[in-house]
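Remarks on the structure that follows.
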Amino acid sequence: MDRNQTTGQATSLRFTIAVAISTVLLAACNGPMDQELDTSSTQSVYRASLDPIVAKMTPHERDAFNWAVQGIPDVASLHARYPNASPREMIRARVSEVESTYPRLVSELESLAQASAPISNDLEKVVATKAQFLIKKNFFGLQPTITAVVFNGSSKPISRMQWRASLFLDDAKTPVATTVVGHDFRNNGGFQPKQTFVSTFTVGLIRGDEAWTTLEIRNAKQRRVTLEPIVDSIRDFGDRLYLAEDPTDDIRKLRELRAVAEKYSDI
């Protein structure tokens, strides 16, 4: 067999393999996940194009599709975002969006958290001690109240802030009731660094919060209440917040979404 004949057979074999691969790929691209959906009309028309495809999806594909369209309120919004796209195109577009933007957002939030850390650590020195819980009676009924000694151990003057109050019964480690109470120091000339106040907080304002006056609470042998400062609620003497909202929860959510996008990147 001469060289030209051998070369010709090799070329023919490569062509046959290429055709076979193209046929397989074309068949894959014509599967249910690659069928265009009709997003240009009504909800019923869209469902008519979607339902037969959903029936043929694997559970993994179905979960990925539901994730990709989650939060899109109607067909018009879906069409604006993914006009007549196939389920696979929608999933890939969503995965691409997350992978291209979320790392930057996480980085920005982490930088914000790092820059705010010294201020946050300082404001955490605002503390409440000797907290006591009482249930009093007034004209409107039972009134739960909290008294505590509050101390501004930070270097920041405070005009107003909030505390997270938690009530524990007996030896329980989980609170039976929680709430947020406000603290306004403006009528007292502000809360200066190293200053102490004896403060009283009403839980539920005039009528009282019934979640804090249940029979279980009233009959408990021991009642212990704690007050934790909500540092991103603390305001300066100009009534400005010292901190923006805590980005920790947003960072966690973005990381979780990135993990989901990575999970569906195989589609």
Side-chain angles (χ1 to χ4, degrees), residues 63-64 66-73 93-129 131 146 148-168 172-185 190-195 197 199 201 203-204 209 211-212 224-265:
D63 290 343
N66 289 334
W67 168 77
V69 300
Q70 185 178 25
I72 301 177
R94 180 66 175 136
V95 167
S96 177
E97 176 190 15
V98 170
E99 291 182 342
S100 63
T101 61
Y102 281 35
R104 175 181 55 81
L105 293 175
V106 168
S107 179
E108 290 175 356
L109 288 173
E110 286 177 336
S111 297
L112 177 62
Q114 186 174 6
S116 301
I119 301 174
S120 179
N121 292 339
D122 188 25
L123 293 174
E124 286 176 358
K125 296 174 184 176
V126 181
V127 296
T129 60
I146 299 169
V149 177
V150 298
F151 173 66
N152 185 359
S154 77
S155 63
K156 304 290 190 293
I158 299 169
S159 62
R160 56 194 177 105
M161 62 177 292
Q162 293 178 321
W163 301 85
R164 183 172 292 104
S166 302
L167 178 63
F168 301 83
K173 300 192 181 300
T174 302
V176 70
T178 59
T179 192
V180 172
V181 292
H183 209 165
D184 194 333
F185 302 98
F191 195 18
Q192 298 281 1
K194 313 310 176 189
Q195 189 172 11
F197 280 111
S199 300
F201 306 90
V203 181
D209 187 340
W212 285 67
R224 179 173 58 89
V225 66
T226 61
L227 290 171
E228 298 176 76
I230 301 175
V231 293
D232 56 8
S233 74
I234 301 177
R235 296 176 179 268
D236 65 15
F237 275 12
D239 212 34
R240 296 175 294 264
L241 291 169
Y242 279 112
L243 292 170
E245 289 188 11
D246 185 357
T248 304
D249 196 45
D250 289 333
I251 292 171
R252 177 185 59 78
K253 290 177 181 177
L254 288 173
R255 284 176 173 165
E256 288 175 354
L257 280 170
R258 268 197 84 188
V260 174
E262 187 175 343
K263 174 183 176 182
Y264 296 136
S265 61

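Residue numbers count from 1 along this sequence. Values reported hereafter were calculated over all heavy atoms of this structure, with side chains retained and with hydrogens, waters and symmetry mates removed.
- When the side chain to side chain contact (heavy atoms under 4.5 Å, CB included) test is applied to Pro229, the partners found at least two apart in sequence or on another chain are Met161, Trp163.
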| message | Set out, in order, the CA-CA distance, both residues' side-chain angles and the distance that settles side chain to side chain contact (heavy atoms under 4.5 Å, CB included) for Trp67 and Val98, then state yes or no. | response | CA-CA 12 Å; Trp67 168 77; Val98 170; 4.1 Å; yes
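- In this structure, the side chain of Lys194 engages the main chain of Gly153 through a donor-acceptor pair within 3.5 Å.
- Salt bridge status for Glu256 with Lys253: absent, with no side-chain N to carboxylate O gap under 4.0 Å.
- We find the CG-NZ distance between Asp63 and Lys263 to be 6.0 Å, quoted to the nearest 0.5 Å.
- A donor-acceptor contact shorter than 3.5 Å is absent between the side chain of Ser120 and the backbone of Ser116.
- The main-chain N or O of Pro118 is never found under 3.5 Å from a side-chain atom of Asp122 such that the two would form a donor-acceptor pair.
- Pro157 approaches Gln192 most closely through the heavy-atom pair CB-OE1, 4.0 Å.
- Atom CH2 of Trp212 and atom OG1 of Thr179 lie 6.5 Å apart (nearest 0.5 Å).
- Closest approach of Tyr102 and Arg94 over heavy atoms only: OH-NH2, 3.6 Å.
- When atom types are taken as modelled, the side chain of Ser96 and the backbone of Ala93 share no donor-acceptor pair closer than 3.5 angstrom.
- Using a distance-only test at 3.5 Å, with no hydrogens or angles considered, a donor-acceptor pair links the side chain of Ser159 to the main chain of Asp236.
- For Glu124, the CD atom sits in a packed shell: over 12 heavy atoms of surrounding residues, nucleotides or ligands are nearer than 6.0 Å.
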Going by atom type alone, with no hydrogens or angles, which donor-acceptor pairs under 3.5 Å involve a side-chain atom of residues 105-114 and a protein atom two or more places apart or on another chain?
unit_1 : atom_1 : unit_2 : atom_2 : d
Glu108 : OE2    : Arg104 : NH1    : 3.2
Glu110 : OE2    : Arg255 : NH2    : 2.1
Ser111 : OG     : Ser107 : O      : 3.0

| request: Could you give me the CA-CA distance, side-chain angles and deciding distance for Phe185 and Ile158, then say whether side chain to side chain contact (heavy atoms under 4.5 Å, CB included) is met? | output: CA-CA 7 Å; Phe185 302 98; Ile158 299 169; 4.1 Å; yes
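- The side-chain heavy atoms of Leu227 and Val181, taken from C-beta on, include a pair separated by under 4.5 Å.
- Here the closest heavy-atom approach between residue Pro103 and residue Arg258 is recorded as CG-CZ, 3.5 Å.
- In plain terms, the two heavy atoms of Glu99 and Ser265 that are nearest each other are OE2-CB, 4.1 Å.
- By the neighbour-count criterion of 12 heavy atoms within 6.0 Å, atom CZ of Arg160 is densely surrounded, having more than that number from other residues, nucleotides or ligands.
- Of all non-hydrogen atoms in Arg235 and Asp239, the two that sit nearest each other are NH1-O, 2.8 Å.
- Contacts of Asp184 classified as salt bridge (Lys or Arg N to Asp or Glu O under 4.0 Å), with partners at least two apart in sequence or in another chain: Arg186.
- A perpendicular orientation is assigned to the rings of Phe201 and His183, their planes being inclined by more than 60° (bins at 30° and 60°).
- No donor-acceptor distance shorter than 3.5 angstrom exists from the side chain of Ser166 to the backbone of Pro175, with no hydrogens or angles considered.
- Once rounded to the nearest 0.5 Å, the distance linking OG of Ser155 with CD1 of Ile119 reads 9.0 Å.
- To the nearest 0.5 angstrom, Thr101 atom OG1 is 8.5 Å from Leu254 atom CG.
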